[in-house]
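Everything quoted here is computed from the prediction, not taken from an experiment. Chain naming here is simple, since letters A, B, ... match the order of the sequence lines and numbering starts at 1 in each.
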Amino acid sequence: MTEKLIFEHSRPGRRALAQAPAEAPSIDDIPAALRRESGVGLPEASEMDVVRHYTRLSQLNFSIDTHFYPLGSCTMKHNPRACNTLASLPGFLNRHPLAPASHGQGMLACLYELQEMLTTVTGMDAVSLTPMAGAQGEFTGVAMIKAYHESRGDTARDEILVPDAAHGTNPATAVMCGCKVVEIPTDSDGDVDIAALRGAVSERTAGIMLTNPSTLGVFEQDILEIAEIVHGAGGLLYYDGANLNAILGKVRPGDMGFDVIHMNLHKTFSTPHGGGGPGSGAVGVGKRLRDFMPIPVVGKDGEGDAATYRWLTEQDVPHTIGRLSAFMGNAGVLLRAYVYARLLGAEGMTRVAEFATLNSNYLMARLREHGFDLAFADRRASHEFIVTLKRQKQQLDVTATDFAKRLLDYGFHAPTIYFPLLVPECFLIEPTESESKETLDAFVAAMVAIWDEAKADATTLKDAPVNLPVRRLDEVAAAKNLDLKHESATAADA
Amino acid sequence: MTEKLIFEHSRPGRRALAQAPAEAPSIDDIPAALRRESGVGLPEASEMDVVRHYTRLSQLNFSIDTHFYPLGSCTMKHNPRACNTLASLPGFLNRHPLAPASHGQGMLACLYELQEMLTTVTGMDAVSLTPMAGAQGEFTGVAMIKAYHESRGDTARDEILVPDAAHGTNPATAVMCGCKVVEIPTDSDGDVDIAALRGAVSERTAGIMLTNPSTLGVFEQDILEIAEIVHGAGGLLYYDGANLNAILGKVRPGDMGFDVIHMNLHKTFSTPHGGGGPGSGAVGVGKRLRDFMPIPVVGKDGEGDAATYRWLTEQDVPHTIGRLSAFMGNAGVLLRAYVYARLLGAEGMTRVAEFATLNSNYLMARLREHGFDLAFADRRASHEFIVTLKRQKQQLDVTATDFAKRLLDYGFHAPTIYFPLLVPECFLIEPTESESKETLDAFVAAMVAIWDEAKADATTLKDAPVNLPVRRLDEVAAAKNLDLKHESATAADA
Amino acid sequence: MIRRGGVAQPENDQRGTMPFIPHTEDDIRSMLDAIGVKDIDDLFDEIDPRLRDVSLDSIPTRASEQAVSRLMGERAARDSGGLCFIGAGAYEHHIPAAVWELTTRGEFYSAYTPYQPEASQGTLQVVYEYQTMMTGLTGMDVANASLYDGASALAEAVLMAVRANRKSKASRILMPASVHPFYRQVAHNICANQGITFESIDFDTAKGTIDRDALERWSGEDVTALVIPQPNFFGALEDVDTLTDWAHDNGALAIGVVNPLSLAVLKEPGRWGNGEGADIVVGEGQPLGAPLASGGPYFGILCCRKKHVRQMPGRVVGRTQDLDGRSGYVLTLQPREQHIRRSKATSNICTNQGLLVTAATIHMSLLGAQGLENVAATSIANTRRLVEKLTAIDGVERVFDSVCFHETLLRLPADAQAVLDALAERGVFGGLALASFYDTLENTVLVCATETKTDADLDTYADVLADVLRTHAAVSVA
Amino acid sequence: MIRRGGVAQPENDQRGTMPFIPHTEDDIRSMLDAIGVKDIDDLFDEIDPRLRDVSLDSIPTRASEQAVSRLMGERAARDSGGLCFIGAGAYEHHIPAAVWELTTRGEFYSAYTPYQPEASQGTLQVVYEYQTMMTGLTGMDVANASLYDGASALAEAVLMAVRANRKSKASRILMPASVHPFYRQVAHNICANQGITFESIDFDTAKGTIDRDALERWSGEDVTALVIPQPNFFGALEDVDTLTDWAHDNGALAIGVVNPLSLAVLKEPGRWGNGEGADIVVGEGQPLGAPLASGGPYFGILCCRKKHVRQMPGRVVGRTQDLDGRSGYVLTLQPREQHIRRSKATSNICTNQGLLVTAATIHMSLLGAQGLENVAATSIANTRRLVEKLTAIDGVERVFDSVCFHETLLRLPADAQAVLDALAERGVFGGLALASFYDTLENTVLVCATETKTDADLDTYADVLADVLRTHAAVSVA
């Protein structure tokens, strides 16, 4: 089952007539030189064509709502429908970002309370919700660290320490902030190599970017020592919240000594992944960075029924690194996170970490039991863990990709593969707390069955997937012969 | 692809905790003898289980939003999303049916205006929206006819004339109203046999139930004469609005002489079919039956900005046949029909009939061109028409069912089959106005391809469907070994 | 005019340029050619020209979705707000957001009756699950795929009882006055043409439940069925065991009329009486996931004993197997239905309330038995507390001394409708005044507080009522 | 306690009894056994005990969906209403109901980045269609899969220009003051750490467009890129052809900042200037199907010439073939991205605004070119009429004499913010006061009337403004 492009459904003159004003009034006062002469190349379709096309397209996707989706480091947990429904109430959707705060007290109250809850659960001093995704949260964090040092005249600090297991966004962000990246190796347990760290810090150290638990699926055991080392050298600690789901309400980055943290609300707080976004990268800060937060932040005047809320801007946050979006980041995403946080409550947040960890350790134990090799067999799993298929590759010539593609045929989305780069034929598996034991057991059964298939005949895996709308796609050809748009649509009416 | 029953996903103790109060307060004041002792047998599932299960189930359906669905006599036209969205605004959804009319002026205004529009487009004198489906609309019509005669002391009129091509609901309804059914034959053109009708009317004639265009897909050419005959005999004329889509805004039942009409708003006015309902069977009445309408009806006091709306009840409709539902029929369905009617406007309503008829006649012409036999080859198609596969059955031993099942494999829902009963191996095909020429052409191509397959090897059709979640289902076994509920669920906890 | 993609907008006919009609001018032309006519109007040439001159002047011209959205938004806003303590057959309950998001998925929303079961397994399996849930809740053997609403389901149950009780010749139904007045009206309006007679049974003025003496008068008579409401219209709990046994002892069928939510905590009709249970059970499905929505669409529940299954009206789904032996679902027992049996069908009913059944099935899956129990028990507790608060006001008192479910009747020291009108102006919908339904129940209000009400809401009602009564008293005195 | 289906609720731990966690006590027990620990807390035993004493006291206890629904309903109601004439980068347009009904289907809503393309063809094809539409609208060669919003897209375009313009060594960006002030701030905040300098170019005080003399001062200098807004922040139309040519003549890249809706009627950036066109085009996607929603989520558009494609930030989808030769879609050019190139990536950006892109693609499919043109032209006409009505009031006048798109600047005879506050109290959001952004623009208001406004709405604004100004004058005099 595939579906034609919407452009292929198009017919000249066809329209969804209810969806626009009936006519285009004259715009003759606009000089001809500024006006468009050529076709726009949009499809011409009826309303039903469009509904049918996108309904069919949607059915080609795997998603949390249809499949187990244990994509490591992405926290594909259940997205409660209430979050979307309540954030989509007309009163919220129709409010202009520049409408007066007096006509946004409902929304502002939600955002303020979300700031407060996130501050508490991370153990920080304050939270700014404005960053629009994890990567922008990272940027915010490093930019604040830089601004902090500069505000103290400590201008030589231009190095950011990044463990080699880190997400690619970490070094990329450091560079965006004008810093140099100093990579820190990982020891055999998966922890940061403390000796190397001691050797790396200096008066040029701006800070360190750490994910904890790390992308290796283990909790950094020496975190207090790391904090001491970096702080001792005058650097600050940045917490990459990609894996916050593992410790939510159980351990707090602020207590570990972090000065700044970003959170991926689309992971930990269950806002939609949406096929790739929007994300939401709220940042929490400790005392030192409080005055550097990006704006706008929501402030509150008065208490109880008399409380009113307003946007805090440059006037209120003296050293702010400023505005990072035209208005208020992904405001509607924040409302969804707020609803989720209220549905969880404090006790629910703690349970998230507990059951995400339970599921992960259980799945790890079951796969180990069936002979799969773990990257860090002696460690507890965090909310995720790594299987290495190196042995399968050596013995049977099947790769992590082959296993992944065959899992699709079994009705499971594949885990994250080939990340972190340190582990060969890597399967980074994150089940999340919202999956049931039966689902985990079924996944184990599929893994075992696929291994058996590989033993019998590796081509079964090489041919996979066979049950999906398309078979294995040629990504090399895609990069070589770039085809990034449908040509006939624009050609036809140019 | 099939999906387990929700009961098979159930695990003791599992719950969707956000969805109910945390606890059950004591209800000890209710005597033990009145309380439940045994299990309820509902599934125990997490929120995600439920979302995933019903999302997957939905994907097993054909629907207008995914497939061409030319089910004759069902008017499977596009359901604009706005109708649902706007009828589902919280202000409408949360209003209690017995809340004061002062807190329902918005909804009442919509219903009043819908009554007015339906009155005009059918050419009747007034409309009551209360009947909850076509069959209840039919009941309403015949009950009013009966009440009318009785109110005049004309109590011997207990016969309802019904053409033999009529929907099964027509005779069933007449019986529910305590009437006898007198069947009127159809002539070779598909029209009512006028001579037979003349012979059938008498002082016992309460009325006639007519669908026009009839279920044979043709417009009753002698309708004015029929009206004269029945009225001349003292009977009234009932219009079954199942096929109103064919004449909407082009010809009006009121002008044809009908005294009462029901409309299937879920057909002509595009409210959702919903996998089988809800329907909505608004009735329009001529002068004679105005005082007999079922209640509640919406009345208006004052004009313009000063207008207020209220429910009319027994006091306002002196001879009403009374209430047919606990409150106001399928009120939310009526709001959807109202939105659709406003989006169409007068000109759009007329276009509905024109293009439904154009599509039907085009499809008929194309199928004829490819050698298919038409039941009424010399007539214009209405919004639907009949192909008879009698020849295919005789020559190739393939039935209408075989063709229908094979169409499913081609991605088309089958037309209505074996109805009307008068036509052997009957395919009643209704494309509706919202389908495009390309879709109709693709359907013709599929029909031709299937016929070719039948010629090559009839088992291709007999084996169909092969591309669906299940293959052909044994309906005989279903009726013989009744399995109407999943047993283990209740057994487990009884 | 700006040149656009595709052909320029034709200036002439524009017949195709209507919402929801995809035809381009080229399409129209080539389709007319294929048919062999010049104009669309030619397709209507079999119709008497006298009928073809139609004016729709009084119907507004078409509006854009934007304009209609704004209109509907404004109208919905007008109908918003208010704290609702009305029950009387429709109950405000929380409906999980997932319910209607899933139910209105296009594949459910825009599918029809599963005439081709292989292409409709989604809808069919949902109904099969629904039937299973309904038999579980009611303790009955069989459920149909739903009827229109609770009231019309009662009418169908009455017709069914007349068919099923072959020993009874009287077509006589005992209909307690404690059954919802609208249900009684609907049953009468739908059944009366078939010669069925309804005999009213008074309620006990102290208890608000069926008056046993009034019932006993029919002992030994030919009674076709006794209708047993649980809870009854006043919210009071009937002695269902005794009533069921009475019916069976007198050769009558017992027709239960229940609130399905109550069955999470109340004895299921399948076990009423000495174990035989009710014969037919109907109810209003609205509390299981249907929004109040000014009265509908809701859905009617109908369950029965297996032995009566062929007398049942409406659709039924059965499980069967496909050619490969896989389980699948189909409509079954169709020979009962009008499209096969025509004038000999069990009913003229054709549609079920499919979309509502889908919602209810999802709703029940999300709440489960424990969730429904918590909703029911919380509603009961809230009503108890509300009654305490309201009866603490001078002159407000309970009318009946029976145990109630989540609704009960109060007597006010003033004209009830006038008080309710005054409450509504203050944003409190205080219940339903029963004087217009029962001569003996002047100044009474039927009140209900579901799980949606907080303590603060109950206090609001009590405060506003006290205030209104004070003012009212002052006015009356003046 | 009532016996229910399944096991009784355990009185002890209840750890599993949390929303969205499916674990039963049996599950927990057997899972812990399989792991070989006694308690869930044991799984955290590698963590320093000093870190494990956490108090979340200030976070509220969990609320039911019902309670949260009510809270959010009340809060949304507080934020409702008002007639909005504010634009300034976010525009009220009708969004077809189908757009978000389809976009929030679970299969789109709860999917992630299509790392396994075979299991994500829905999302991938949508993005491919989106890229095609964006290149069609802008007349550019290539579009990415979207960035966060318009402002951050401008920042990314600046970084991209610095990478792409290898001839320029200065990392100098000419940033007209007629670009949205927030966009200028964001570009600065994101780029400044990389040593990029922004040089402001004043606007012509009569026309509200880029001051040609101010620009000429940079002629012959090393300029990396010139930013060209169309329409600009004041709604005025810049002379894009001349500006583009100026940039190219001076070795600078031309970065267009556009409102995508305007491209239904305005010359596409791909044809700006003597035919070369802009080099990079960014814009705020909000007018294409994103609700206002207090500022987001929106999405940033970024398009460029093919020769710059490898300098482009963000995801891109390409069409390719599967093993059987069937067309399919994949993420491509991934070596630009951070997860491959790490510190050498074109940007740290990772997510796109996938859901918004889905909505926009459906929105554009429903409106088509003609629909967008009608929306744009109607908005222009409405703004023209609004300006006529408002400038008919004594003392209200246009600030600039240039042609505008659907937004323009008016001067009031009073303090603009005070007037806007007074208007807001009367339910009219009259625009944005620019005094705090531009010293020279005291008492000015940027106003916008989209296609959503009726004549009656325009009259309302005019009437209320006249009234407020009268009162204000009276007060000022007093």
Side-chain angles (χ1 to χ4, degrees), chain B residues 16 19-21 24-25 40-42 50 54 57-58 60-65 82 86 89 91 93 96-97 106 132-133 135 168 171-173 177-178 181 272-279 322-323 326-328 330-332 345-346 348 351 354 362 365 436-437 468 470-471 473 478 483 485-486, chain C residues 18 22 27 31 35 40 56 59 61-62 72 75-76 78-80 96 102 105-107 109-113 118-119 121-123 132 136 148 151 182 189 193 291 293-297 318-320 322-323 328 332 338-339 342-343 345 348 350-351 353-355 365-366 369 371 374 377-378 381:
Chain B
Q19 299 303 350
V40 174
L42 293 182
V50 174
Y54 290 102
L57 276 190
S58 77
L60 304 184
N61 268 0
F62 278 34
S63 65
I64 304 172
D65 279 9
L86 298 178
L89 290 168
L93 287 190
H96 193 284
M132 289 179 286
T173 297
C177 291
V181 175
H273 284 78
R323 183 178 285 278
F327 301 109
M328 179 48 203
N330 289 331
R351 297 297 184 273
E354 290 176 345
Y362 172 72
S436 65
K437 176 173 174 295
L468 269 70
V470 290
R471 295 187 58 206
L473 290 160
D483 173 356
K485 65 179 179 186
H486 184 64
Chain C
M18 278 292 141
D27 290 339
M31 293 170 81
I35 299 167
I40 292 179
L56 303 179
I59 297 180
T61 192
R62 78 176 178 88
M72 295 300 277
R75 286 183 172 173
R78 286 184 73 179
D79 295 2
S80 292
L102 293 170
R105 283 174 60 84
E107 300 95 319
Y109 190 79
S110 72
Y112 197 32
T113 309
E118 299 85 0
Q121 287 296 295
T123 289
T132 304
Y148 305 134
F182 290 157
N189 296 338
N193 278 321
S294 287
R319 178 158 53 183
T320 185
D322 77 357
L323 286 175
T332 192
Q338 38 69 34
H339 67 283
R342 303 181 70 85
S343 64
N348 75 339
C350 184
T351 48
Q353 300 284 98
L355 207 59
S365 297
L366 283 168
N374 292 7
T378 305

Query raised in the report: Taking atom OH of Tyr54(B) and atom CD of Glu107(C), what is their separation to the nearest 0.5 Å?
Result: 15.5 Å

Report summary line: One option among Pro25(B), Ala82(B), Gly276(B) has the most heavy-atom pairs under 4.5 Å with chain C, and it is Gly276(B)

Report task. Flag the pair Tyr109(C) / Ile64(B) as yes when at least one side-chain heavy-atom distance between them is below 4.5 Å, and no otherwise. Result -> no

Report summary line: One option among Ala293(C), Ala381(C), Gly295(C), Ser110(C) has the most heavy-atom pairs under 4.5 Å with chain B, and it is Ser110(C)

Query raised in the report: chain C heavy atoms under 4.5 Å from Val181(B): which part of the residue, side chain, backbone, both or neither?
Result: side chain

Query raised in the report: Taking Arg75(C) for the side chain and Arg78(C) for the main chain, is one N or O donor matched with an acceptor at less than 3.5 Å?
Result: no

Query raised in the report: If you measure from OG on Ser63(B) to NE2 on His273(B), what distance do you get to the nearest 0.5 Å?
Result: 12.0 Å

Query raised in the report: When rounded to the nearest 0.5 angstrom, what is the spacing between CZ in Phe327(B) and NE2 in His96(B)?
Result: 6.0 Å

Query raised in the report: So which of Pro297(C), Ser80(C), Gly354(C) has the largest heavy-atom pair count under 4.5 angstrom toward chain B?
Result: Pro297(C)

Query raised in the report: Of the listed residues (Pro96(C), Gly328(C), Ala119(C)), which shares the most heavy-atom pairs with chain B below a 4.5 Å separation?
Result: Ala119(C)

Query - Atom group of Ser294(C) that falls short of 4.5 Å from chain B, counting heavy atoms - result: both

Query raised in the report: Given the options Gly322(B), Gly279(B), Gly345(B), Pro97(B), which has more heavy-atom pairs under 4.5 Å with chain C than any of the others?
Result: Pro97(B)

**Report entry** Value rounded to 0.5 Å, distance of CE in Met18(C) from CZ in Arg62(C)
**Finding:** 5.5 Å

**Report entry** Rounded distance [0.5 Å steps], NZ in Lys437(B) versus OH in Tyr362(B)
**Finding:** 4.0 Å

**Report entry** Residue, of Pro291(C), Gly318(C), Gly371(C), Ser365(C), that accumulates the most heavy atom pairs under 4.5 Å with chain B
**Finding:** Ser365(C)

Report summary line: One should read off an interatomic distance between Thr351(C) OG1 and Asn330(B) CG, to the nearest 0.5 angstrom, of 8.5 Å

Query - chain C interface, residue from Gly332(B), Ala133(B), Gly178(B), Pro278(B) that has the most non-hydrogen pairs under 4.5 Å - result: Pro278(B)

Query - Residue selection (most heavy-atom pairs with chain B, distance under 4.5 Å) from Asn374(C), Leu323(C), Thr113(C) - result: Asn374(C)

Report task. Heavy-atom pairs under 4.5 Å with chain B are the metric here; pick the option from Ile35(C), Asp79(C), Ile59(C) that has the most. Result -> Asp79(C)

Report task. Pick one of side chain, backbone, both or neither for Leu93(B), based on which atoms fall under 4.5 Å of a heavy atom in chain C. Result -> both

Query raised in the report: Does Asn348(C) reach the main-chain N or O of Thr173(B) with its side chain, forming a donor-acceptor pair under 3.5 Å?
Result: no

**Report entry** Interface residue of largest heavy-atom contact number with chain C, from Pro272(B), Ala365(B), Gly348(B), under 4.5 Å
**Finding:** Pro272(B)

Query raised in the report: Of the listed residues (Ala20(B), Ser436(B), Ala135(B)), which shares the most heavy-atom pairs with chain C below a 4.5 Å separation?
Result: Ala135(B)

Requested in this report: Using a strict cut-off of less than 4.0 Å between a Lys/Arg side-chain nitrogen and an Asp/Glu carboxylate oxygen, indicate whether Arg319(C) and Asp483(B) qualify as a salt bridge.
Outcome: yes

Query raised in the report: Highest number of heavy-atom pairs under 4.5 Å with chain C: which of Leu57(B), Asp65(B), Asn61(B)?
Result: Asn61(B)

